[in-house]
Every structure is written in structure tokens, then in C-alpha cells.
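Written out below as C-alpha cells is the structure these notes cover.
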Amino acid sequence: MAIPLILASKSLPRRNVLNAAGVCPTIRVSHVDEPAALRDAAAKAGVNVGELSIGDRVAILAEAKAQAVYQAYRNVAATADAASGECVVGYPLKAAGRSETDDAVERGTTEPGKPIDYSTAHVATTRDFSGVSIPTRTQPINVFTAGRPGLVHSTVGPLILGCDSMFLMDGECYGKPHSVEAARERLKHMSGATGELWTGHCLVDFATGRVVRDASHAVVHFSEFSGDDIERYIATGEPLEVAGSFTLEGFGGAFIDGIEGDPSGIIGLSLPLVRRLTERLGIAWPDLWNVRSELAPTESKAEGAGHAGIEPPKENVHQPGDGWIDCDCGRKHWGVNGASGVLLARRDERTGNVTHVVMQHRAVWSAEGGTWGIPGGATAQGETPIEGALRESYEEANITPEDIDVVGSYCEDHGPWAYTTVFAFEKPGHTVEPKANDDESMEIAWVPIEQVGGLKLLTAMRTDWPRFVARLNALAAAYR
């Protein structure tokens, strides 16, 4: 299995560079305060920020971003490692008297006595086993996760990659201009000129905590461009949020006459530098290759969702583990390694009874869009279902793992695919403030537990909810 790479950036050009080189990263944005990180580093060195070289600056910021994501993953691992209670594993496809053909008949995809027509049966929908007596097996939650690839027991990786870029011209460092006015002035100055694009990278090995960092640079020769060229380029929006106000791989590429140095560093991710850093950690670069030709990075979560004409946002991020899998139940399910989510409950401080749960109002473009469920998603490489649920619930709903206790789980096992629901409570004295962190939700909210059944629920949640309520109440009674 490939060693997972976590990219502390949602930059599409950086993702594209990695994907083209055979590496599909997991994305985790760092949200680092860059000016504060530079001030802190300069203070430790006993100098002013202006005295730091541009190579030092990009390397400092790259490490700050990698370290922020490293800590976030440490929080996930700590909460997963402290998980208590039992995992109930259900095997609905082993229910007495139930066959794949039975499932297909219920969905109207075949007729009694005829084999399943997989050309029509494989549709993107969640399962409905209401009225089925599902065989189960119960085991301690740590037994359920033992032996699975995961963060807690990893001996190497995942590798966390931080990146930062700055442009140097005439002795002045430029980051992202952010405003039209700043971009206009910079572009005027760059016409017919030569500058240097510096790219800093930092790698942290999650398993060992080892850190390596460095910077690369390339000389960029610009053509002369007119005032009209500048205004039309600014109108594309491209130069506002990129280091130096230009790109090599976009609209700005036509105005670059030549490059001396690493071209991929100009795009924001220096492949040669990252390879060298990987080797300094004792890891061969090909050990990170995980891109498979049968799983294109453009594969959409909305496939077969029944919302004709509604596409996911173009900036939607493809991550390792994303993709549809053909299941033995005759459906397609999301997550080539399975999927999981967190059912987080709030308890009354006095009685200990469950009062609210966090629910996700799913984006219209997603499968069964517009319904309510729990935040979660595909399990990534190198993580257990518990860790995947904690990661996904933060990314989607701002459920901070350091503020919750995992108290049990339910895994619905279909054989080639499984979904794990992780039951959790807010820690005593801690408060989770859920919100939509990405475009996969219309709304994230604490919902009174007695009102959940009245929502338009995702098919699977509607089926499971009566059992989940009973399980939450039982767990709350034992959680003191």
C-alpha cells in the first residue's frame, strides 16, 4: 500500500502537479496566520521579519502549515485511540431468506426469478434494510480497529506537506496581491522584467514526528504586456490569489518568455524538492504513488444522484478513497475503502440524557441531495473508519475531535464495502460549534433529538434512526 500524503493546501495547481506525478493527496487546509508565523520565527531568531531571506520566509511558512495539520491529525489520532465502548457489526446481506435478487426486486431493477441487471441496478443510492432482521456481532471498539491501517499504530507516514511561495523582484518580496489595485501595480512593474519565484516545502512524518524543509527557486523572464493586457488578465481573477500575481499553467503563462530552474516550483509545488525531502526521511518517492487509472480524479460524488443538471462545484476536491464501488448488494456506494461518519450527541448537564445531535443538510448536488444525515465520507488511505469519521466530520462540519469522546460504533458490513457510524458525546466542559466547513452541506445544526425523525432523512439514516436513538440513550445512561 502506498504511503499517504496529506497536502496542507487546497490549491488546485498543486493538486494537479501531484496527481500528474502519480500522487493523489488528502487535503487538509492549515488556516495558518502567515504574518504571525513570520513574526514568531523572526523573534526567535532575534531579527526583524524584513531581515529574513525570502528562502527562509517560504520555508518557515511551509513548516508552520505542515505543523498545524500535523497537530490536527494528532488530535484525530488521540481521540480515536481513546475510543471506548463496543462496535456492533451488522451483516444485512447475510439476513435469512434475503438474496441480491430480493434487493433488486425491491428497487424495481429486475423481476422475481431473473438475475440482477447490473447495468441498471448499479445506481448511486444508500441502502434500505428496513424490516430486515440483520445478523450482528459485537466486539470492543479497539478490537474492531486492531490490525487495520491507521494513524495510531503507523510506523511510517502519512507524510504531511506544507507549501508556500513568494516572488522576488528588485529586492522586494511579493506574496498574493489579494486586491485589484495591488495586482495592477505589480503587473505594470513586471512587464519586460525578470524576477525569482521561491517555493518552500516542509514534510512531517506523522509516525515519527521527523521534520525536513527546504526551498527552491527559479528565474522568470516576462514579456512586455500592455495596459489592456493587464486589465483583461486581472478581469479573469487569476492573478489576485497567486504568489507574484502570475501563473505558469493558466492565463498568465503566455506572458512568460522563459524560465531558468524548476518549472513545477513556479506552479507552487516543486516535485524535485519534495522528492529530495522524501528521500531525506528515508522514503522512496515511488512509495507515494497511489493514482490508479481506473479511478479518475474527476469522479463525482453526485453520480447517479438523480438530480439532473446539478453538478458539484468545479473546485470540489478529489481525495484518496473517493470513488464509487460496485457492492454485493447491487448498488454503488461512495468510498473505495468504505465510508464513515460521526453521530455526535449533546447531553443534559443535569440528567445526562441526550438532548441534541449534529445533523448535516446535504448539498443538492450530492447523492440524495437535500436530505439530512450525519457528516462523514470516504475513508482515506492509512486511516481506520474511526479516524476517517473524525477527519471527515471536522472537514465538513467543524466537529473538533479534541472536544468529543467516541463511545461506540455501528458498522454495516456489505463485504466489499462498509459504512461505520461513530457514536460520540461532547466531553464534559467542552462545546462543539458545528458549521458548514465546505460546500457539501447546505446547513449543519444541532437538532433536538425528538425532531430528527421528522426531517427528510437520507435513506440509510431513516432506516437506522430508531436503532440509533435506542443506542444513544443506552450509551448516555452508561456515560457518567
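As the structure is a prediction and not an experimental result, all values here were calculated from the model. Just so you know, residue 1 is the first one in the sequence shown, and it goes up from there.
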### Query
In terms of side-chain heavy atoms, does Glu172 have a donor or acceptor partner in Tyr174 at a distance below 3.5 Å?
yes
### Query
Could Arg74 and Phe206 be counted as a cation-pi pair, given that NZ or CZ must be under 6.0 Å from the ring centre and within 45° of the axis?
yes
### Query
Which pairs pass salt bridge (charged side-chain N to carboxylate O under 4.0 Å, His left out) with one or both residues in residues 180-206, sequence neighbours excluded?
Arg184-Glu231, Glu185-Lys188
### Query
Quick one: CD on Gln360 to OG on Ser441, what's the gap to the nearest 0.5 Å?
3.5 Å
#### Entry: ring-ring contact (aromatic ring centres under 6.0 Å, His included) partners of His361, counting only residues at least two apart
Trp372
### Task
Mind running side chain to side chain contact (heavy atoms under 4.5 Å, CB included) on Leu269 and Leu161 for me, showing each step along the way?
CA-CA 10 Å; Leu269 195 143; Leu161 175 61; 3.8 Å; yes
### Query
More than 12 foreign heavy atoms under 6.0 Å from NZ of Lys427: is that the case here?
yes
### Task
Could you name each residue pair satisfying side chain to side chain donor-acceptor pair (under 3.5 Å) that touches residues 248-258, not counting sequence neighbours?
none
### Query
Checking side chain to side chain contact (heavy atoms under 4.5 Å, CB included) for the pair Leu7/Arg28: CA distance, chi angles, key distance, verdict?
CA-CA 6 Å; Leu7 178 62; Arg28 178 65 178 259; over 6 Å; no
### Query
For atom CD of Glu433, is the number of surrounding heavy atoms from other residues, nucleotides or ligands below 6.0 Å larger than 12?
no
### Beyond-backbone contact of Val23 with Val291, side-chain heavy atoms, under 4.5 angstrom
no
### Query
Between Tyr479 and Asp405, does any side-chain donor sit less than 3.5 Å from a side-chain acceptor?
yes
### Query
Would you say the side-chain atoms of Glu387 pair up with the backbone N or O of Val152, donor to acceptor, closer than 3.5 Å?
yes
### Task
For Arg275 and Thr278, run side chain to side chain contact (heavy atoms under 4.5 Å, CB included): C-alpha distance rounded to whole Å, both residues' side-chain angles, the deciding distance at 0.1 Å, then the answer.
CA-CA 5 Å; Arg275 175 185 54 78; Thr278 301; 5.6 Å; no
### Query
Would Ser191 and Glu224 count as having a side-chain donor-acceptor pair, cut-off 3.5 Å?
no
### Query
What heavy-atom pair brings Ile404 and Leu344 nearest, and what distance separates the two atoms?
CG2-CD1, 3.7 Å
### Message
For the CZ atom on Arg280, are there more than 12 heavy atoms of other groups (residues, nucleotides or ligands in this structure) within a distance under 6.0 Å?
### Response
yes
### Query
Looking at Lys176, Arg39, Arg57, Lys65, which hits salt bridge (charged side-chain N to carboxylate O under 4.0 Å, His left out) with Glu34?
Lys65
### Message
Holding to ring-ring contact (aromatic ring centres under 6.0 Å, His included), I want the full list of residues that pass it with Phe222, two or more places apart in sequence or in another chain.
### Response
Phe167, Phe246
### Task
Would you please name every residue forming a salt bridge (Lys or Arg N to Asp or Glu O under 4.0 Å) with Arg391, sequence neighbours left out?
Glu383, Glu395
### Query
Are the side chain of Trp417 and the backbone N or O of Trp334 linked by a donor-acceptor pair below 3.5 Å?
yes
### Task
Please check if the side chain of Ser366 supplies one atom and the backbone of Arg362 the other of a donor-acceptor pair under 3.5 Å.
no
### Message
Under 3.5 Å, is there a donor on one side chain and an acceptor on the other for His201 and Asp164?
### Response
no
### Query
Does any donor atom in the side chain of Arg137 or Tyr91 lie under 3.5 Å from an acceptor atom in the other side chain?
yes
#### Entry: Polar contact flag, side-chain donor to acceptor under 3.5 angstrom, Glu260-His221
yes
### Query
Who passes side chain to side chain donor-acceptor pair (under 3.5 Å) against Asn337, sequence neighbours left out?
none
### Query
Going through the distances and angles, do Arg15 and Ile27 end up as a side chain to side chain contact (heavy atoms under 4.5 Å, CB included)?
CA-CA 9 Å; Arg15 294 181 349 237; Ile27 305 301; 3.5 Å; yes
### Query
Taking the six-membered ring for Trp, are Tyr233 and Phe255 parallel (under 30°), tilted (30 to 60°) or perpendicular (over 60°)?
tilted
#### Entry: side-chain hydrogen bond (donor to acceptor under 3.5 Å, both in side chains) between Arg14 and Ser9, intermediate numbers included
CA-CA 8 Å; Arg14 287 179 178 138; Ser9 169; 3.2 Å; yes
